[in-house]
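Owing to the predicted nature of the structure, the values given are computational and were not obtained by experimental measurement.
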Amino acid sequence: MSRPNVRMLVVAAVAYVSMGALEVHAAPVQEDVTHYVTGESKYPFSPAVRAGNTVYLSGQIGGDASGLGKDFETQARMAMDNVMSAAKLAGMGPQNLTKCTVMLADMKNWDTFNKIYRSYFQPGKFPARSAFGVTGLALGAQLEVECMGYVTTPVASH
């Protein structure tokens with residue numbers, strides 16, 4: 001597992017509205033950014049990126065190296081397994097996920113997805129979530145799930 005640690009200057013913008021005018025003030029903020037990767041990928045993104053204590057997980061579809069799952073339920077379980085694997089790579093468990101976005105190629109699968117999604121979390125400890133119907137997803141997937149979360153451990157220095 002490669003974890004290049006990059007020091008990055010992030011500009012925090014604060015907007016103020018006074019007398020109808022919008023003023024933007026920028027203040028430099030130092031952040032640690034870590035890209036979690038599992039090896040060579042043919043796609044140009046990291047499964048997880050940590051900025052400070054916030055972790056962003058790339059959208060996960062219901063497939064693996066051998067291809068997409070055969071039906072919606074299989075793809076939904078595989079997508080959630082992939083989410084949990086990406087979270088673990090960044091040092092998180094399901095309890096650390098704070099927001100998930102679900103994209104469904106067919107909203108008729110919403111109830112089925114909810115049953116599967118529920119099984120990955122403790123009762124009453126669900127992340128905030130949005131779900132959208134979309135007209136197409138990468139590689140012809142039937143769904144994609146992306147999440148954000150947090151970690152409390154310091155970033156390892158390199």
Side-chain angles (χ1 to χ4, degrees), residues 1-8 10 12 29-158:
M1 170 177 73
S2 171
R3 291 178 44 200
N5 192 7
V6 179
R7 296 294 280 174
M8 178 177 167
V10 177
V29 177
Q30 200 70 27
E31 290 276 349
D32 283 319
V33 177
T34 304
H35 298 264
Y36 296 91
V37 295
T38 55
E40 287 300 314
S41 173
K42 60 182 178 178
Y43 303 111
F45 55 84
S46 300
V49 175
R50 176 179 174 169
N53 288 347
T54 302
V55 177
Y56 302 90
L57 303 181
S58 290
Q60 302 295 319
I61 61 175
D64 57 22
S66 64
L68 292 171
K70 62 181 173 25
D71 57 27
F72 180 81
E73 287 189 35
T74 304
Q75 283 193 30
R77 289 186 200 291
M78 291 175 82
M80 288 305 298
D81 288 346
N82 292 340
V83 164
M84 295 305 163
S85 291
K88 184 176 180 181
L89 184 65
M92 297 189 304
Q95 72 279 4
N96 298 97
L97 297 177
T98 55
K99 173 71 168 82
C100 293
T101 302
V102 180
M103 291 149 278
L104 300 168
D106 187 341
M107 287 301 290
K108 291 178 192 169
N109 290 318
W110 190 70
D111 286 333
T112 301
F113 179 76
N114 282 336
K115 290 175 188 160
I116 293 166
Y117 180 85
R118 179 181 302 277
S119 71
Y120 285 81
F121 300 97
Q122 292 181 358
K125 304 269 183 169
F126 303 109
R129 194 183 91 185
S130 302
F132 300 95
V134 297
T135 57
L137 291 164
L139 305 176
Q142 295 185 48
L143 78 156
E144 183 170 337
V145 182
E146 69 175 30
C147 297
M148 294 174 44
Y150 71 94
V151 290
T152 57
T153 56
V155 174
S157 59
H158 298 328

Chi angles and distances behind the side-chain contact (heavy atoms from CB on, under 4.5 Å) call for Phe113, Met80: CA-CA 10 Å; Phe113 179 76; Met80 288 305 298; 4.1 Å; yes
Separation of Trp110 CH2 from Lys115 NZ (nearest 0.5 Å):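 Output value for this atom pair is 11.5 Å.
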Atom pair CG/CG of Asn82 and Leu57 - distance to nearest 0.5 Å: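 Interatomic distance, Asn82 CG to Leu57 CG, rounded to 0.5 Å: 11.0 Å.
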Minimum heavy-atom distance between Leu137 and Met103, given as atom pair plus value: CD1-O, 3.7 Å
Contact summary for Ala76 and Ile116, nearest pair of heavy atoms: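 Here Ala76 and Ile116 meet closest at CB-CD1, 3.7 Å.
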Plane angle bin for Phe121 and Phe126 - parallel if under 30°, tilted between 30 and 60°, otherwise perpendicular: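 Perpendicular.
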Close side-chain approach of Gln122 to Pro94, heavy-atom, < 4.5 Å: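 No, side chains not in contact.
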Min side-chain heavy-atom separation Leu97-Met92 under 4.5 Å: yes
Pairwise disulfide (SG to SG under 2.5 Å) hits with a residue in residues 87-128, at least two apart: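 Every disulfide (SG to SG under 2.5 Å) pair that includes a residue of residues 87-128, provided the two are not neighbours, is Cys100-Cys147.
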Steps toward side-chain contact (heavy atoms from CB on, under 4.5 Å) verdict (Tyr56, Glu146): CA-CA 8 Å; Tyr56 302 90; Glu146 69 175 30; over 6 Å; no
Check against side-chain contact (heavy atoms from CB on, under 4.5 Å), Asp81 and Gln60: CA-CA 9 Å; Asp81 288 346; Gln60 302 295 319; over 6 Å; no
Check against side-chain contact (heavy atoms from CB on, under 4.5 Å), Asn109 and Leu143: CA-CA 9 Å; Asn109 290 318; Leu143 78 156; over 6 Å; no
side-chain hydrogen bond (donor to acceptor under 3.5 Å, both in side chains) between Thr74 and Asp71, worked out: CA-CA 5 Å; Thr74 304; Asp71 57 27; 2.7 Å; yes
For residues 128-136, which side-chain N or O atoms pair as donor and acceptor with protein atoms under 3.5 Å away, sequence neighbours left out?
unit_1: Arg129; atom_1: NH1; unit_2: Asn114; atom_2: OD1; d: 3.0
unit_1: Arg129; atom_1: NH2; unit_2: Asn114; atom_2: OD1; d: 2.6
unit_1: Ser130; atom_1: OG; unit_2: Lys99; atom_2: NZ; d: 2.9

Sidechain-backbone polar pair: Asp106 side chain, Gln142 backbone, donor-acceptor under 3.5 Å: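 Side chain of Asp106 to backbone of Gln142, a donor-acceptor pair under 3.5 Å: no, none is there.
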